[in-house]
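Step one of this worksheet: look at the structure below.
The first residue of the sequence shown is numbered 1, and numbering continues consecutively from there. Order of appearance sets the numbers: ligands from 1, and atoms from 1 within every ligand. Basis for what follows: all heavy atoms, side chains included, without hydrogens, waters or symmetry-related copies.
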Amino acid sequence: MLGLGYNVNYDFISFIQHPTIWPPGTECVARYNFPGTADQDLPMCKGDVLTIIGVTKQTHVLYLWSLRWFHGKITRDQAERLLYPPETGLFLVRESTNFPGDYTLCVSCDSKVEHYRIIYHNGKLSIDEEEYFENLMQLMEHYTKDADGLCTRLIKPKLMEGSVAAQDEFSRSGWALNRKELKLIQTIGKGEFGDVMVGDYLGKKVAVKCIKHDATAQAFVAEASVMTQLRHTNLVQLLGVIVEEKGSLFIVTEYMAKGSLVDYLRSRGRTVIGGDCLINFSMDVCKAMEYLEANNFVHRDLAARNVLVSEDNKAKVSDFGLTKEASSTQDTAKLPVKWTSPEALREKMFSTKSDVWSYGILLWEIYSFGRVPYPRIPLKEVVPRVEKGYKMDAPDCCPAVVYDIMKECWTLDPVERPSFRELRQKLQDIIANELYR
Ligand code: AMP
């Protein structure tokens with residue numbers, strides 16, 4: 001039995017029982033020998049079966065388990081199908097379709113499904129507008145203890161399929177870092193999901209992405225679990241993940257001292273950055289993309305804003321949030337139109353070849369020192385013109401051999417576009433023969 005008052009490091013245990021939300025009685029098994037380092041620690045031997053009799057703190061493993069009841073944007077009907085066959089207390093959370101930004105708690109009770117709107121007000125969440133919670137975790141915890149006005153208390157989460165493997169792998173595979181060792185120093189950027197901070201982890205300078213609130217946790221976990229699978233000198237390296245007690249999530253990556261490539265190019269300009277530097281950036285990104293291509297990963301959001309520059313001027317591809325294993329489809333509404341290939345915009349056909357198109361745009365950004373692509377063309381005219389075969393002019397002073405590569409990347413038929421492997425060979429040739437000067 002795990003006694004209340006003992007510190008238990010949840011990294012060391014995995015659950016045997018089907019996980020509901022940390023109810024007393026949940027069984028778990030010790031995955032490692034743990035002699036304990038303080039009086040409060042409960043020593044355990046690998047394979048020990050332990051029963052939780054109470055949980056005083058939320059911890060990251062529990063948090064990751066718990067995220068699995070969050071099903072994102074699904075409809076009312078889909079939710080009802082997921083909660084079939086009926087089982088009182090079976091529940092899930094989805095994003096509200098009627099009230100964007102709010103959530104809906106769907107609970108099965110006496111063979112019916114009730115849908116409760118969770119309103120998001122002044123940064124807090126509430127169902128009855130009496131009791132407010134900091135995040136979904138706290139709200140769930142409350143209603144697992146007591147129905148408090150709902151048709152039933154929450155008993156069993158309906159787990160999301162698909163994301164389960166990634167999250168399990170993530171918590172099991174040792175990517176969890178110790179919050180106590182991380183010092184957050186200052187904010188260095190704003191991302192789509194929240195602030196990016198510079199920090200110190202065990203004396204090493206690191207970059208930390210901090211989550212805004214629960215809805216985006218899912219996306220963050222997806223991003224982090226993609227990052228655990230990829231390792232290349234030109235990809236921004238994941239160092240680990242931390243989930244705080246209150247449910248905030250941090251993704252810790254290597255620190256890239258010179259910031260985003262687009263800012264780097266704009267702030268220094270052609271007086272400072274030479275042709276060798278431009279071709280090296282192009283080559284660095286190409287190598288990272290060749291690696292993704294070989295591993296069947298599609299980035300989907302390749303652009304100079306998503307490439308970072310290290311202290312020693314190495315370019316590394318970042319932002320794997322949208323990266324999916326090849327050939328899946330996605331919502332086209334939020335796509336960066338000027339970087340996305342015509343077939344991806346039209347038919348959601350994302351592939352390594354659509355990344356090649358974006359790489360051509362990125363090359364144009366590099367050689368124009370960070371200009372926004374398709375200058376002087378209104379955004380709504382870009383796609384119709386590109387579809388008719390329009391291609392941007394070469395940036396000023398761009399070597400012809402590099403412009404030829406851009407144009408090849410912008411071949412309308414994706415099949416005809418070069419692969420990253422071929423592009424890397426062409427760049428190698430250009431470098432070896434000093435054609436970039
Ligand atoms: P993102 O959320 O990845 O788009 O990041 C937003 C901004 O934060 C970037 O444009 C960079 O300026 C900064 N940033 C992100 N990741 C890092 C990192 N690993 N090292 C240094 N700065 C970063």
Side-chain angles (χ1 to χ4, degrees), residues 175 177 181-242 248-269 273 281 284-285 288-289 292 297-324 330 334-340 355 358 361-362 365-366 369-373:
W175 288 95
L177 300 182
E181 307 292 355
L182 176 71
K183 285 191 215 78
L184 294 172
I185 299 169
Q186 73 176 94
T187 303
I188 48 169
K190 294 236 177 285
E192 194 188 332
F193 299 119
D195 288 351
V196 180
M197 301 189 71
V198 62
D200 180 291
Y201 192 80
L202 293 170
K204 186 181 166 72
K205 214 169 181 186
V206 293
V208 186
K209 276 193 185 181
C210 311
I211 192 174
K212 270 190 206 143
H213 59 84
D214 293 270
T216 48
Q218 196 76 28
F220 260 70
V221 169
E223 173 169 342
S225 55
V226 168
M227 290 177 91
T228 63
Q229 298 170 56
L230 303 168
R231 187 177 287 268
H232 186 275
T233 153
N234 297 112
L235 291 177
V236 173
Q237 182 60 47
L238 175 73
L239 301 173
V241 178
I242 294 171
S248 19
L249 183 58
F250 300 129
I251 295 186
V252 183
T253 64
E254 68 176 306
Y255 176 66
M256 300 290 287
K258 294 186 177 165
S260 91
L261 178 60
V262 73
D263 295 338
Y264 183 90
L265 293 164
R266 284 177 190 165
S267 60
R268 274 98 172 159
I273 306 175
F281 285 151
D284 285 345
V285 175
M289 296 310 296
L292 293 185
F297 275 91
V298 179
H299 188 290
R300 293 159 181 252
D301 197 11
L302 183 61
R305 63 182 170 278
N306 289 332
V307 174
L308 298 169
V309 183
S310 67
E311 181 63 48
D312 58 350
N313 280 356
K314 222 186 229 180
K316 302 193 184 202
V317 175
S318 133
D319 267 320
F320 299 93
L322 296 173
T323 307
K324 296 270 161 60
Q330 79 168 82
K334 294 184 195 155
L335 292 174
V337 169
K338 291 181 173 181
W339 282 261
T340 307
D355 279 349
S358 312
I361 306 285
L362 168 63
E365 290 183 276
I366 292 176
F369 295 88
R371 286 188 80 183
V372 177

Q: Answer yes if the side chains of Ser260 and Asp263 hold a donor-acceptor pair under 3.5 Å, and no otherwise.
A: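 Note: Ser260 and Asp263 side chains meet the donor-acceptor criterion.
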Looking only at N/O atoms, are [X] and ligand 1 under 3.5 Å apart anywhere?
X      : value
Asn306 : no
Lys209 : yes
Met256 : yes
Asp263 : no

Q: Using a 4.5 Å cut-off on heavy atoms from C-beta on, say whether the side chain of Val208 contacts that of Leu182.
A: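 Yes, their side chains come closer than 4.5 Å.
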(Q) Can you check which of Ile188, Thr187, Val196 brings a heavy atom nearest to atom 22 (N) of ligand 1? (A) Ile188
Q.
Heavy atom to atom 19 (N) of ligand 1, shortest distance: which of Met197, Glu254, Arg305, Lys258 holds it?
A.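 Shortest heavy-atom distance from atom 19 (N) of ligand 1: Glu254.
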Q) Is it true that Lys209 and Asp319 have a side-chain N and a carboxylate O under 4.0 angstrom from each other? A)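 Counted as a salt bridge, because a side-chain N and a carboxylate O are separated by less than 4.0 Å.
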Q) Taking the six-membered ring of Trp339, is the NZ or CZ of Arg305 close enough (under 6.0 Å from the centre) and on axis enough (within 45°)? A) yes
Q.
With a heavy-atom distance limit of 4.0 Å, tell me whether Leu308 approaches ligand 1 through its side chain, its backbone, both, or neither.
A. side chain
Distance filter under 4.0 Å to [X] heavy atoms, resulting ligand 1 atoms:
X      : result
Lys190 : 6 (C)
Thr253 : 19 (N)
Ser260 : 10 (O)

Q) Can you name the side-chain contact (heavy atoms from CB on, under 4.5 Å) partners of Arg266, sequence neighbours left out? A)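 Checked Arg266 against side-chain contact (heavy atoms from CB on, under 4.5 Å); matches are Val262, Val372.
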**Q.** Set of residues satisfying side-chain contact (heavy atoms from CB on, under 4.5 Å) with respect to Lys314, sequence neighbours excluded
**A.** Thr233, Asn234, Asp284, Ser310, Asp312, Lys316
(Q) Under the side chain to side chain contact (heavy atoms under 4.5 Å, CB included) test against Leu261, which residue among Leu362, Asn306, Leu308 passes? (A)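 Among Leu362, Asn306, Leu308, the one that satisfies the side chain to side chain contact (heavy atoms under 4.5 Å, CB included) with Leu261 is Leu362.
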